[in-house]
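Comments concern the structure below.
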Protein chains: 2
Amino acid sequence: MKLTTKGRYAVNALLDLALHNNKKPVHLADVAERQNISLTYLEQLFSKLKRHGLVSSSRGPGGGYRLALEADEISIAKIIYSVDETIDITRCHGKQNCQKDQRCLTHDLWMELNMHVSSFLNGITLFDLIQRNNVKHVAQKQDFAFVQIHKH
Amino acid sequence: MKLTTKGRYAVNALLDLALHNNKKPVHLADVAERQNISLTYLEQLFSKLKRHGLVSSSRGPGGGYRLALEADEISIAKIIYSVDETIDITRCHGKQNCQKDQRCLTHDLWMELNMHVSSFLNGITLFDLIQRNNVKHVAQKQDFAFVQIHKH
DNA sequence: TAATACTTGACTAAATCACTTGGTTATGTG
DNA sequence: CACATAACCAAGTGATTTAGTCAAGTATTA
């Protein structure tokens, strides 16, 4: 199993996008600042998210990214998968050749854990996260800080 | 979250130990061969398992390792924890300073996933694994191959 | 047509993984 | 007592991955 900042960044960034999903597309630079992620790194992640159809982009002045699907159609599992992180835990990736071309002693255990984790992450969408009070509260704080810095 | 071969090796090796837990202690070399793990690498893992009180050892000829606890007292979570792998997924390790000294947008999500995985791994012991038919079957195959090679 | 914004590819320092090497120390057996 | 055995220990190492940076684009639109 591999769940690192890459996957967390992607989920945070998409949630930020969902929370600022008005008429206008969202600048990646703003997301980067609010979520404290390097812009160029975020660009790489969004290029993957776009390839997987989770976001759409528009170029030029006033351009940016927006969700390509409804928030309740984007599961956390989808996001993590899109940025190349695998939820798989087994060595053989399900192929049952974990040890000398045979299933290792604990093959079934890891498969079971796989199932648990993916069904958990499949069952939660961006919409679910938005519904939770904490998220809105945290997002407001982030927006406040953002406005404080950028007001002229 | 970090679950790699280290944790899988440790669980496989301890399960092997549990399955060969007769009067005599078990040679690490035999475990290494049956489970197809480098001996010296396994030694490193067992040194950690011993420090955490999961196994006891006896030196000299006829020495080896045995379980220090009953199989139903050793959970998978304990084993993984003992070899330094962390089940924690959050960046802040629960400290809620994941982003600019505040909780990040998805802090609660990762904490929840943490809970899911650890309660799953806490709820399964070596004894549980032994009870499953597949494990015994696989172990018998491993023993058969082992004996084939070592009979004189 | 200049400014804005997305796109791509190559590169990199640091960390981690999965070991290997090369020993030392304790213990039971002949 | 010598010696084989097997646990114990420290350090190093090549490959891979992470989390980025840097540089040079291309497309869009005010």
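Quantities reported herein were computed from a predicted structural model and do not represent experimental measurements. In what follows, chains are A, B, ... by sequence order, proteins preceding strands, each numbered from 1.
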Check this one for me: any side-chain N or O of B:His27 less than 4.0 Å away from OP1 or OP2 of D:dT5? no
Nearest-Å distance for atom pair CG/C1', residues A:Leu45 and D:dT17: 15 Å
Can you find a side chain N or O atom of B:Ser38 that sits less than 4.0 Å from OP1 or OP2 on C:dT20? yes
A:Ser47 or A:Pro61: which one's nearest nucleotide on DNA chain C is closer to the 5' end? A:Pro61
Would you kindly give the CD-to-P distance between A:Gln35 and D:dA19, to the nearest whole Å? 16 Å
Check the distance between C:dT12's P and A:Tyr41's OH and give it to me in whole angstrom. 18 Å
Looking at B:Thr5, I'd like to know whether one of its side-chain N or O atoms comes within less than 4.0 Å of OP1 or OP2 on C:dA18. yes
For atom CG of A:Leu42 and atom C1' of C:dT8, their distance in whole Å: 16 Å
With a 4.0 Å cut-off on heavy atoms, is A:Tyr65 in touch with a base, just the backbone sugar-phosphate, or nothing at all? sugar-phosphate
Could you check whether B:Thr125 and B:Asp72, counting side-chain N and O atoms only, form a donor-acceptor pair closer than 3.5 Å? no
Whole angstrom value for the distance that separates P of C:dT20 from CD of B:Gln44: 10 Å
Using a cut-off of 4.0 Å on non-hydrogen atoms, how would the nucleic acid contact of A:Ser57 be classed: base, sugar-phosphate, or nothing? sugar-phosphate
Taking the inter-plane angle between the rings of A:Tyr81 and A:His52 on a 0 to 90° scale, is it parallel (under 30°), tilted (30 to 60°) or perpendicular (over 60°)? perpendicular
NZ of A:Lys48 versus P of C:dT7: gap in Å, rounded? 14 Å
Would you mind telling me which of D:dT21, D:dG20, C:dA18 lies closest to the side-chain atoms of A:Tyr9? D:dG20
Should the ring pair A:His116 and B:Phe120 be called parallel, tilted or perpendicular, given that the plane angle runs from 0 to 90° and is split at 30 and 60? tilted
For DNA chain C, whose closest nucleotide is more 5', that of A:Arg51 or that of A:Gly62? A:Gly62
Walking DNA chain D from its 5' end, the first of B:Ser58 and A:Ile37 to be reached, judged by nearest nucleotide, is B:Ser58
Atom pair distance, as rounded to whole Å: CZ in A:Phe46 and C1' in D:dG20: 17 Å
Separation of D:dC9 C1' from B:Glu43 CD (nearest whole Å): 9 Å
Using a cut-off of 6.0 Å, state whether more than 12 heavy atoms not belonging to A:Glu73 lie near its atom CD. yes
Please report the shortest heavy-atom distance between A:Leu42 and A:Val31, naming the atom on each side. CD2-CG1, 3.8 Å
Is A:Thr4 near enough to D:dA19 that one of its side-chain N or O atoms lies under 4.0 angstrom from OP1 or OP2? yes
Of the listed C:dT7, D:dG20, D:dA7, the closest approach to the A:Lys50 side chain comes from C:dT7
